[in-house]
Participant: 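Once you've had a glance at the structure underneath, I'll fire off some questions.
Numbering of ligands and ligand atoms starts at 1, following listing order.
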Amino acid sequence: MVDVARAAERGVQRSSRRSASGAGWGTCQTPGSFAGLRPDRRRFSWLRPVTLWRSRNEVLAGWFGDPAPVIRRAWVAALRERGRDPRTPISLDLGDSFSFLVIGDPGEGDASQYAVVPGLLRMGEGTAFAVVASDVIYPAGGGNDYPDKFFRPYRDYPGPIYAVPGNHDWYDGLHGFMRVFCDAPALPRERARPAGLLARLLWRRPERVDEVALAAARGWRAAPAQQARQPGSYWVLDTGPLLIVGIDTGIGGSLDADQGEWLRSVSRDPRPKMLITGSPIYERNHYKPCPIEGGGTVDEIVREPGHNYVAVIGGEIHNYQRYPVDVGGRRIQYLVAGGGGAFMHATHTIPRVTAGGVDEDDFRCYPLRGDSLAFYSRLYRRLFRAPWLEIAPEKAMKIMSDRIGNRPVRPLTGEERVTRRERWAARLLGGLPFPGRLPVERFVGGWISELFDWDEPPFFKSFLHVQVTPDTLALRCFAATGCGEHEADPPLEDEVLIPLTRPPVTTP
Ligand SMILES: [Fe+2]
């Protein structure tokens, strides 16, 4: 079993915060073994028309409204009709010290997902379970994608895996997700479609699952200790000392009234809690409290002192960000942890952080903004065959620390001279303001980044290792660069220790 404290000590020294090689720049000392885990060389590409067409329900939900609340109620009703209570807690008897993994937005099934697997298995030794935080399967949550995007990559993870769905899982009306995680049969067609004739006509219908192929894939994770059945798409995992609450935010990033009432109810338990969500509450220096149908927000529930939430972990954005927010004398850690496999969202477009009163010096992200700029400069250079767009990592680090107004996170030599050409490249890539206030950063950091996947090191992927003891919860963000030396000993990009306050024991 891996000694996490020692692995963390080594990981700090090997991180992107210490050296460019820690970020995976340059040539790997040894090639990553992840390529041998993949079933084939196929690349997942968002540039393929069929990929975009399969994802069209995102656009339709924007035009006609998010149908997830209605369809989710249908799922809950269908589970009840089969005699199952979707509100039953998942109870695990783990004692007062245990650990688990959180993997955000993994399911592309290509190199960027498989590159995370070796380090994840290494740090997953001795963990009790794992949670996938949103977007289990791209592009559209299909049940037929589960074999190569879920069962095969995690076949050697020895524990159960639970999940909350992301918007992409909902493009299939949640059918693939409910089939795999809740063992639920498909909904009747009339209960699985949006209201309105035009929306129904255009809406992508759920895939018919190839049950033979799915059964064969389940065989890859057939050990009794790997089995996990969850009661529904939102759930509470009762570990004893810590409650982990998973919510389903649909396509639009909100909760239906029934789920909101359930969340209020489970949150009244005074034990320490962690929320796992498909819609992070703080991301890219924005505050998104997550509305609940009928009134109120998820963050209002999280901030209520008696509810004792200590951390909120959200997927959806494919990088790592941490905002330690002071709330009425307590500190709640709000994380983005969507770096578990899909394409990388830029961090260099995140301005100096102020959201939630968080000081820039207390904010953490991975990849570092300079590495993100260097990565995108390489990506766009290749795409547009424009060598002048490339910015070396240390120059990019200098540009971003000047822009943000902080000390360079990774020490620089002082010899970095940024040229006019590099400044223009940085402007075009959203790292520096563009003349005329053209919002280039929205273009780069938003939807356009999805179009350009990257299938070789450095990947800048990450996952979380969470360690619970009677008094503390340690959250650690480990990196996956794709280099062999980092698979065996993953770089540690962030670490925070959270004190746990237990409710007083009452004697009858
Ligand atoms: Fe995602």
Side-chain angles (χ1 to χ4, degrees), residues 44-48 51-52 54-59 61-62 66 68 102-116 120 130-142 145-146 149-150 153-154 161 163-172 174 176-177 180-181 204 233 246-254 276-284 286 288 290 312-321 335-347 349-350 365-367 372 444-455 459-464 477 480:
F44 181 93
S45 174
W46 290 95
L47 284 171
R48 286 197 194 107
T51 306
L52 296 173
R54 287 181 77 194
S55 308
R56 67 185 180 277
N57 286 1
E58 168 84 33
V59 177
D66 183 0
V102 181
I103 312 158
D105 298 69
E108 284 189 350
D110 60 1
S112 58
Q113 178 178 12
Y114 279 84
V116 181
L120 184 149
V131 180
V132 175
S134 121
D135 290 346
V136 187
I137 300 293
Y138 291 97
D145 283 330
Y146 270 84
K149 298 179 180 178
F150 178 76
Y154 308 129
I161 303 177
V164 296
N167 53 334
H168 286 266
D169 299 302
W170 267 102
Y171 301 162
D172 188 58
L174 214 59
F177 183 98
V180 169
F181 291 102
R204 177 181 177 272
S233 63
I247 58 173
D248 170 6
T249 52
I251 295 176
S254 63
I276 308 254
T277 169
S279 298
I281 287 176
Y282 286 92
E283 56 97 359
R284 292 191 254 210
H286 295 304
K288 298 179 173 175
C290 190
V312 177
I313 298 176
E316 189 186 20
I317 308 298
H318 304 171
N319 52 42
Y320 174 81
Q321 301 168 46
L335 275 70
V336 172
F343 67 89
M344 184 191 104
H345 277 124
T347 57
T349 53
I350 303 172
C365 68
Y366 176 77
S372 169
V444 174
W447 62 270
I448 196 82
S449 59
E450 301 187 14
L451 301 183
F452 308 133
D453 208 3
W454 183 266
D455 275 346
F459 284 103
F460 295 107
K461 298 285 92 193
S462 57
F463 61 91
L464 299 183
C477 172

Participant: Heavy atoms, side chains only, cut-off 4.5 Å: are I313 and T277 in contact?
Facilitator: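 They are not in side-chain contact.
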Participant: Which of these, N167, T249, D248, sits in a side chain to side chain donor-acceptor pair (under 3.5 Å) with S279?
Facilitator: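 That would be T249; it is the only one of N167, T249, D248 passing the side chain to side chain donor-acceptor pair (under 3.5 Å) with S279.
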Participant: Run through the protein N/O/S atoms less than 2.8 Å from the Fe ion (ligand 1) and write them out by chain and number.
Facilitator: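 Listed by chain and number, the atoms are D105 OD2, D135 OD2, Y138 OH, H318 NE2.
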Participant: Check whether the ring centres of Y138 and F343 lie less than 6.0 Å apart, and answer yes or no.
Facilitator: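 Here the rings of F343 and Y138 have centres that are no less than 6.0 Å from each other.
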Participant: Please list, chain by chain and in numerical order, all residues satisfying side chain to side chain contact (heavy atoms under 4.5 Å, CB included) with D145, sequence neighbours excluded.
Facilitator: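 Residues passing side chain to side chain contact (heavy atoms under 4.5 Å, CB included) with D145: R54, I137, P139, K149.
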Participant: Would you please name every residue forming a ring pair (Phe, Tyr, Trp, His ring centres under 6.0 Å) with Y320, sequence neighbours left out?
Facilitator: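 Per chain and number, Y320 pairs via ring pair (Phe, Tyr, Trp, His ring centres under 6.0 Å) with no residue.
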Participant: Quick one: ring pair (Phe, Tyr, Trp, His ring centres under 6.0 Å) partners of Y114, sequence neighbours excluded?
Facilitator: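 With sequence neighbours excluded, Y114 shows a ring pair (Phe, Tyr, Trp, His ring centres under 6.0 Å) to no residue whatsoever.
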